[in-house]
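Working notes, beginning with the structure itself.
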2 protein chains.
Amino acid sequence: MEMNDDIKERLKECGLKNTKHRKAILDFMFCSRVPASAEQVYIQMNGQGTSIDLSTVYRTLETLREKGLLIKHDRLNDTRALYEYNRMEHKHYLVCLGCNKMLPIKDCPLAEYERALEKATNFVIAGHKLDIFGYCAECQEKGLQE
Amino acid sequence: MEMNDDIKERLKECGLKNTKHRKAILDFMFCSRVPASAEQVYIQMNGQGTSIDLSTVYRTLETLREKGLLIKHDRLNDTRALYEYNRMEHKHYLVCLGCNKMLPIKDCPLAEYERALEKATNFVIAGHKLDIFGYCAECQEKGLQE
DNA sequence: ATTGCAAATGCAAGTCATTTGCAATATACA
DNA sequence: TGTATATTGCAAATGACTTGCATTTGCAAT
């Protein structure tokens, strides 16, 4: 498969051994359109026949993050971190306060604002982090928005 | 003291008993110009002669947050949460990556953007968190922006 | 001032996500 | 194929916080 070869190649580039666990996790992360927790990855792996220990999942996610293949989100609300395949895109997230689901948002309303801010403050701006919180449609139905 | 009476009044308004622990913690938070962790509060209390258990610190901070007297920051980098006296201001921070200085920014460029986002996503938006990173004038001079 | 009782506290034990030590195993490359 | 080294599973540890429960305290009604 093309994607698998690509994944394999990316591991090699990073100086990582191509193990079935790593390949399976990176594959899954690549295909997942929303960030996933270590436990979700663990359940997915064991569900799809790739037997793996939870600690290995944690170690693998961290290794892949170190190499820049994944992005780690330390959640502000929930207690557990989420990981996501790094597609090298600048984006923000709409975070549901009910179920902690993260919805990536592609467009960014801040580019012009940053330029104005640079002039006003003498900072050289290197980047920003924006999370928007709210309640998704399902949680609104469940009455979770209190 | 005026401030103490004010603090006492605020506790009463919230239906909270005026205990020496709560008063001491709220006092400290009011005076502190930077957010503090539970452990920092614990050390401060016991250092100033207000003997208190760590679990009580946690419970107190959470109670005060529930009542809106404090703001909780789940820091992105550190593992522990920080609390800060709620002065009822919406603000963002320009954070210097060289010296960690935080410059508060009063204006917020996101109100209109949020309204558009609500329509586009069916989320009910409750708030947002924006930090902008860069290098301040002094750190630029020091060549710290790598 | 005294009392009654819910709220607040201390202490110890419990959670829960994540990390780590170590022995067993798998991989890359000679 | 052999072997040095990276990776894994398992169990135990960590660290920030939370909770159960018996005791104490604040405060409102006597």
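By convention in this document, chain letters (A, B, ...) are assigned in the order of the sequence lines, proteins followed by strands, and residues within each chain are numbered from 1. Because only heavy atoms are used, hydrogens play no part in the values below, and waters and symmetry mates are left out as well, while side chains stay in.
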Does a side-chain N or O of [X] approach OP1 or OP2 of [N] to a distance below 4.0 Å, or not?
X     : N      : value
A/T19 : C/dA26 : no
A/Y58 : C/dT19 : no
A/H21 : D/dG9  : yes

(message) Only Watson-Crick and G-U wobble pairs, only distances under 3.5 Å, only runs of 3 or more: what stems does that leave for DNA chain D?
(response)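 Detected stem regions: C:1-30 with D:1-30.
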In terms of side-chain heavy atoms of [X], which of [options] is nearest?
X     : options                : result
A/A81 : C/dT18, C/dT9, D/dC10  : C/dT18
A/T56 : D/dT8, C/dA7, C/dG10   : D/dT8
A/K17 : C/dA26, D/dT19, C/dA7  : C/dA26
B/R80 : D/dA16, C/dT18, C/dA28 : D/dA16

(request) Between A/S51 and B/E62, just flag the one whose closest nucleotide in DNA chain D comes earlier from the 5' side. (result)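 Its nearest nucleotide lies further toward 5', so the answer is A/S51.
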(request) Answer yes or no: is there an ion pair linking B/D131 with B/K129, defined by an N-O contact shorter than 4.0 Å? (result)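 Yes.
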(request) Find the distance A/D53:CG to C/dT18:P and express it as a whole number of Å. (result)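 Distance, rounded to whole Å: 14 Å.
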(request) Give one of base, sugar-phosphate or nothing for B/I52, where a contact means two heavy atoms less than 4.0 Å apart. (result)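 B/I52: backbone/sugar contact only, no base atoms under 4.0 Å.
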(message) What contact category does A/S55 fall into here, base, sugar-phosphate, or nothing, at under 4.0 angstrom with non-hydrogen atoms?
(response)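 Base: the residue A/S55, judged by heavy atoms under 4.0 Å, touches a nucleobase.
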(request) Flag yes if B/I7 and B/I71 sit in one hydrophobic cluster, no otherwise; membership is Ile, Leu, Val, Met, Phe, Trp, Tyr, and two members link when side-chain heavy atoms are under 4.5 Å apart. (result)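 Looking at the clustering, B/I71 is in a separate group from B/I7.
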(message) Within the 3.5 Å criterion, strictly below it, is a donor on A/H92 or B/H128 matched to an acceptor on the partner's side chain?
(response)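 Judged by distance alone, the side chains do not pair up.
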(request) Please determine, by modelled atom types, if A/Q44 and A/Q48 share a side-chain donor-acceptor pair under 3.5 angstrom. (result)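 Per modelled atom types, A/Q44 and A/Q48 side chains form a pair under 3.5 Å.
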(request) Mind listing the closest non-hydrogen atom pair of A/P104 and A/Y93 along with its distance? (result)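 So the two residues come closest at CA-CD2, 3.7 Å.
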